[in-house]
2 protein chains.
Amino acid sequence: MTTRRDAVHDTLRKSEGFRSAQDVYAEMRLHGAKIGLTTVYRALQALADGGQVDVLRTDEGESVYRACASEVHHHHLVCRRCGHTVEVAGPAVERWAEAVGSEHGFTEITHTVEVFGTCASCSSAPAKVG
Amino acid sequence: MTTRRDAVHDTLRKSEGFRSAQDVYAEMRLHGAKIGLTTVYRALQALADGGQVDVLRTDEGESVYRACASEVHHHHLVCRRCGHTVEVAGPAVERWAEAVGSEHGFTEITHTVEVFGTCASCSSAPAKVG
DNA sequence: CCGATTTTGACAACCATTTTCATTTTGGCG
DNA sequence: CGCCAAAATGAAAATGGTTGTCAAAATCGG
């Protein structure tokens, strides 16, 4: 009962960085897949719920998904130009978040940490910045 | 040329945590202010652009604003129950982000770090979790 | 006070996401 | 295989936050 969901997951795996639901949908249609936008949304949510993909919000408020290599907790270093993403671990940050939280009496602490930058290829490439 | 903008800023200052544009608008109207939703959005954006208020995205994709005490770079520890917010500094995290970024050849590094939890009052309060 | 410029705000337009609901597919069972 | 029930699917409509439009109102300069 998940041919579609697998297809979505598969499409995501082929992508370098984070993709929006609409992106995934468009790409699947390009490859001739017979799937509806609604189903893509549902599959993506299910996948996210199950922890098979990571989700985060764009600055414009769009949800973007990514099939990550490791299912353990990690963060992302995302190139704001090409979207290339590197998964990074940050034990220090985890501890810091925990410390800061309990220091103020907070419990059930969670955190969101994302690092953005311009990757090497994009820095050397032409375009914008002189 | 900014009576409205000041009013918006003022309303924000009276709030404990992050508030959405719609919240601010609703509250201002409650206090009898004659202002339109459009103007609130514009004021909030202007304020955010000028660095007078901090912005972040809810999990639901809503933009929420807050008039912070310090205008220097800092992060937030937000209670997911009552919205109470504590401003926290994290030199270690700043350095970590920089390090991780340059380690992978990224430049112009920026980062988003937000910590969520349940504050002391809310933990002891009744409601949800047993 | 007059015209130019900016600000304002009601309302329409956008657009990603969700909901609705009828149809299709899938699975168990005789 | 034929049948019924539950789950999945997807087209289209509804939602809802945010932005764009544009005319009216406030403000500024002279």
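Worth knowing before you read on, the calculation uses all heavy atoms, side chains too, and leaves out hydrogens, waters and symmetry mates. To find a chain, count down the sequence lines: A is the first, B the second, and so on, and within it residues start at 1.
- When heavy atoms are screened at a 4.0 angstrom cut-off, A:Q22 is found touching base atoms of the nucleic acid.
- Linking ILVMFWY side-chain heavy atoms closer than 4.5 Å, directly or via other members, places B:V86 and B:V113 in a single hydrophobic cluster.
- Between the CG atom of A:L56 and the P atom of C:dA16 there is a distance of 17 Å, given to the nearest Å.
- In this structure, of C:dC11, D:dG17, D:dG10, it is D:dG17 that holds the atom nearest to the side chain of B:Y41.
- Following rounding to the nearest Å, B:R57 (CZ) and C:dA16 (C1') show an atom-to-atom distance of 11 Å.
- Using a 4.0 Å cut-off, some side-chain N or O of A:Q45 falls inside it from OP1 or OP2 of C:dT18.
- Distance A:E62 CD to C:dC15 C1': 9 Å, rounded to the nearest Å.
- At a cut-off of 3.5 angstrom, counting only N and O atoms as typed in the model, there is a donor on one side and an acceptor on the other between the side-chain of B:R42 and the base of C:dG9.
- Rounded to a whole Å, the OH atom of A:Y25 is 10 Å from the P atom of D:dA12.
- Ionic pairing of B:E27 and B:R19 is present here: one or more N-O contacts between side-chain nitrogen and carboxylate oxygen are shorter than 4.0 angstrom.
- Counting only heavy atoms from C-beta on, B:R4 has its side chain closest to C:dG9 among C:dG9, D:dT9, D:dT18.
- Counting to the nearest Å, the C1' atom of C:dT24 and the CD1 atom of A:I35 are 15 Å from each other.
- Taking every heavy atom of both residues into account, A:T118 and B:E108 meet most closely at OG1-OE2, 3.2 Å.
- Each of B:E94, B:E114, B:E87 was compared with B:H75 under the side chain to side chain donor-acceptor pair (under 3.5 Å) criterion, and only B:E94 meets it.
- Checking the phosphate oxygens (OP1, OP2) of C:dG9, a side-chain nitrogen or oxygen of B:T39 falls inside 4.0 Å.
- Using a 4.0 Å heavy-atom distance criterion, B:S20 is classed as making no nucleic acid contact.
- Summarising the geometry, the separation between CZ on B:F18 and C1' on D:dG17 is reported as 18 Å, rounded to the nearest angstrom.
- Between B:D23 atom CG and D:dT18 atom P there is a gap of 10 Å when expressed in whole angstrom units.
- When side chains are defined from C-beta on, B:T85 does not count as touching B:L77, because their heavy atoms never get closer than 4.5 Å.
- Distances were taken from every side-chain heavy atom of B:A21 (C-beta onward) to each of C:dT19, D:dT18, C:dG9; the shortest belongs to D:dT18.
- The side chain of A:S63 contributes no N or O atom lying less than 4.0 Å from OP1 or OP2 of C:dA16.
- Regarding B:L37, its CG atom lies at a distance of 10 Å from the C1' atom of D:dT19, rounded to whole Å.
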